[in-house]
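Below: the structure, in structure tokens.
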Amino acid sequence: MTSIITGDIIKSRSLKNPELWMPALKSALSYINTNEVQWEIYRGDSFQIEINDISKSFISAVYLKACIKTINGLDVRLGIGIGDKTYQSHTISESNGEAFIFSGETLETLKKEKVNLKLKTANEVLNKELNLYLKLASTFMDSWTVSSAEIVKLSIEQPSALQQELAEIIGTKQDAISKRQKRAELDLIWELNAMFQQKIASLS
């Protein structure tokens, strides 16, 4: 059982210089999975990454979204597929299995359904429930400003850091961190992640 996230950057063609997002995307992918065999960027603005621990697939998707939204004007579509892997190649694009198929199929439906984050597993009841939560979470995640995205990114990277410690990292005051985290609905992200982990454990 593994999880695959397939994504593409929204409105990337409105920014003619890919150097604006490529470093952020590469950095995000390598942070999530240090094994470069398990992620790949293709066509310049599309990518795929394997998350070996399926319980981390939601927070990994949130992290990817936050990293891309630190660049003004950009966002990302993400299709999460969770299932078996039947073939392991030396590149992720040549590997295969249920998780890969689910992820690719889900990404294809996003534009039509006008949502930016969706999940697919073999359990349709679970899919329906979790995708409702993801759709609700997207109502505020899609609206993150650059500063909101930055604080979500930093908070995921430093999950045990106090607000004062985060303030020292980015050179601001503790109350500014508190306000940014509230605007980004970070508490809801953590609650949703805990619930996601609990629900997804039934697949293992």
Side-chain angles (χ1 to χ4, degrees), residues 1-11 28-29 32-33 38-40 45-69 74-87 92-93 95-144 148-149 152-153 155-156 159 181-204:
M1 185 75 68
T2 191
S3 55
I4 302 295
I5 299 176
T6 308
D8 61 23
I9 297 173
I10 302 168
K11 296 181 181 174
L29 293 169
I32 292 168
N33 192 333
Q38 292 189 305
W39 59 265
E40 189 173 350
D45 60 358
S46 300
F47 56 90
Q48 192 167 63
I49 183 168
E50 182 168 1
I51 317 294
N52 298 304
D53 182 348
I54 63 171
S55 70
K56 293 181 178 176
S57 51
F58 168 70
I59 204 65
S60 296
V62 172
Y63 183 76
L64 279 164
K65 187 177 184 74
C67 289
I68 295 303
K69 284 186 75 69
L74 290 186
D75 203 344
V76 67
R77 289 185 200 90
L78 299 165
I80 304 171
I82 299 176
D84 296 333
K85 178 165 67 172
T86 53
Y87 177 66
I92 190 169
S93 58
S95 297
N96 205 352
E98 200 176 44
F100 294 84
I101 295 165
F102 287 164
S103 179
E105 286 176 350
T106 302
L107 183 67
E108 289 298 313
T109 68
L110 292 181
K111 198 180 280 190
K112 198 182 298 179
E113 295 178 12
K114 296 184 178 177
V115 292
N116 292 333
L117 178 61
K118 197 174 178 184
L119 165 146
K120 187 172 182 180
T121 73
N123 185 327
E124 288 299 332
V125 175
L126 185 63
N127 293 346
K128 191 171 183 180
E129 181 181 358
L130 288 178
N131 280 322
L132 176 59
Y133 298 137
L134 296 184
K135 196 171 185 179
L136 291 170
S138 292
T139 60
F140 60 82
M141 293 196 298
D142 288 350
S143 303
W144 280 339
S148 292
V152 172
K153 175 180 180 290
S155 299
I156 292 173
Q181 289 183 334
K182 281 179 183 174
R183 278 198 300 268
E185 301 284 7
L186 189 65
D187 283 348
L188 283 176
I189 293 290
W190 291 134
E191 284 183 50
L192 182 51
N193 186 51
M195 186 275 298
F196 179 91
Q197 290 179 331
Q198 183 184 354
K199 297 280 184 183
I200 221 74
S202 65
L203 296 174
S204 300

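Values reported hereafter were calculated over all heavy atoms of this structure, with side chains retained and with hydrogens, waters and symmetry mates removed.
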Pairwise salt bridge (charged side-chain N to carboxylate O under 4.0 Å, His left out) hits with a residue in residues 52-64, at least two apart
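For residues 52-64, and leaving out neighbouring residues, there are no salt bridge (charged side-chain N to carboxylate O under 4.0 Å, His left out) pairs at all.
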
According to side-chain hydrogen bond (donor to acceptor under 3.5 Å, both in side chains), who are the partners of [X], at least two apart in sequence or on a separate chain?
X    : answer
N127 : T121
S46  : R43
E185 : none
S103 : T6

Distance in Å, [X] [atom1] paired with [Y] [atom2], rounded so as to fall on 0.5 Å steps:
X    : Y    : atom1 : atom2 : value
L107 : Q48  : CG    : CD    : 9.5 Å
L203 : N123 : CG    : CG    : 6.0 Å
K182 : L188 : NZ    : CG    : 13.0 Å
I68  : I10  : CD1   : CD1   : 10.5 Å
I49  : S57  : CD1   : OG    : 11.5 Å
D8   : E108 : CG    : CD    : 8.5 Å

In chain order, what residues pass the ring-ring contact (aromatic ring centres under 6.0 Å, His included) check against F58, with sequence neighbours excluded?
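Here the qualifying residues are F196.
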
For D75, give me all partners under salt bridge (Lys or Arg N to Asp or Glu O under 4.0 Å), at least two apart in sequence or on another chain.
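Testing D75 for salt bridge (Lys or Arg N to Asp or Glu O under 4.0 Å), a comparison that skips the adjacent residues, returns K65, K69.
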
Among all residues two or more places apart in sequence or in another chain, which pass the salt bridge (Lys or Arg N to Asp or Glu O under 4.0 Å) test with E113?
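Partners of E113 by the salt bridge (Lys or Arg N to Asp or Glu O under 4.0 Å) criterion, ordered by chain and then number, come out as K118.
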
Counterpart residues, side-chain contact (heavy atoms from CB on, under 4.5 Å), relative to [X] (two or more places apart):
X    : result
A61  : I5, L78, I80, L117
A184 : W144, S148, I151, V152
A194 : none

Which atom names give the shortest non-hydrogen contact between [X] and [Y], and what distance separates them?
X    : Y    : value
E50  : T2   : OE2-OG1, 2.7 Å
N33  : W39  : O-NE1, 3.1 Å
I54  : I82  : CG2-CG2, 3.9 Å
F102 : T106 : O-OG1, 2.6 Å

Tell me which pairs pass side chain to side chain donor-acceptor pair (under 3.5 Å) where either residue lies in residues 187-199, with sequence neighbours left out.
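Qualifying pairs, neighbours excluded: E129-K199.
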
Side chain S3, main chain I51, donor-acceptor under 3.5 Å
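Side chain of S3 to backbone of I51, a donor-acceptor pair under 3.5 Å: yes, one is there.
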
Between N131 (side chain) and L119 (backbone), is there a donor-acceptor pair under 3.5 Å?
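It does hold such a pair.
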
Please assess I200 against L126 for the test side-chain contact (heavy atoms from CB on, under 4.5 Å), listing each intermediate value before the final yes or no.
CA-CA 8 Å; I200 221 74; L126 185 63; 4.2 Å; yes

Could you go through the side-chain contact (heavy atoms from CB on, under 4.5 Å) check for E40 and L29 one step at a time?
CA-CA 9 Å; E40 189 173 350; L29 293 169; over 6 Å; no

Any side-chain heavy-atom pair from N52 and Q38 closer than 4.5 angstrom?
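A side-chain contact under 4.5 Å exists here.
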
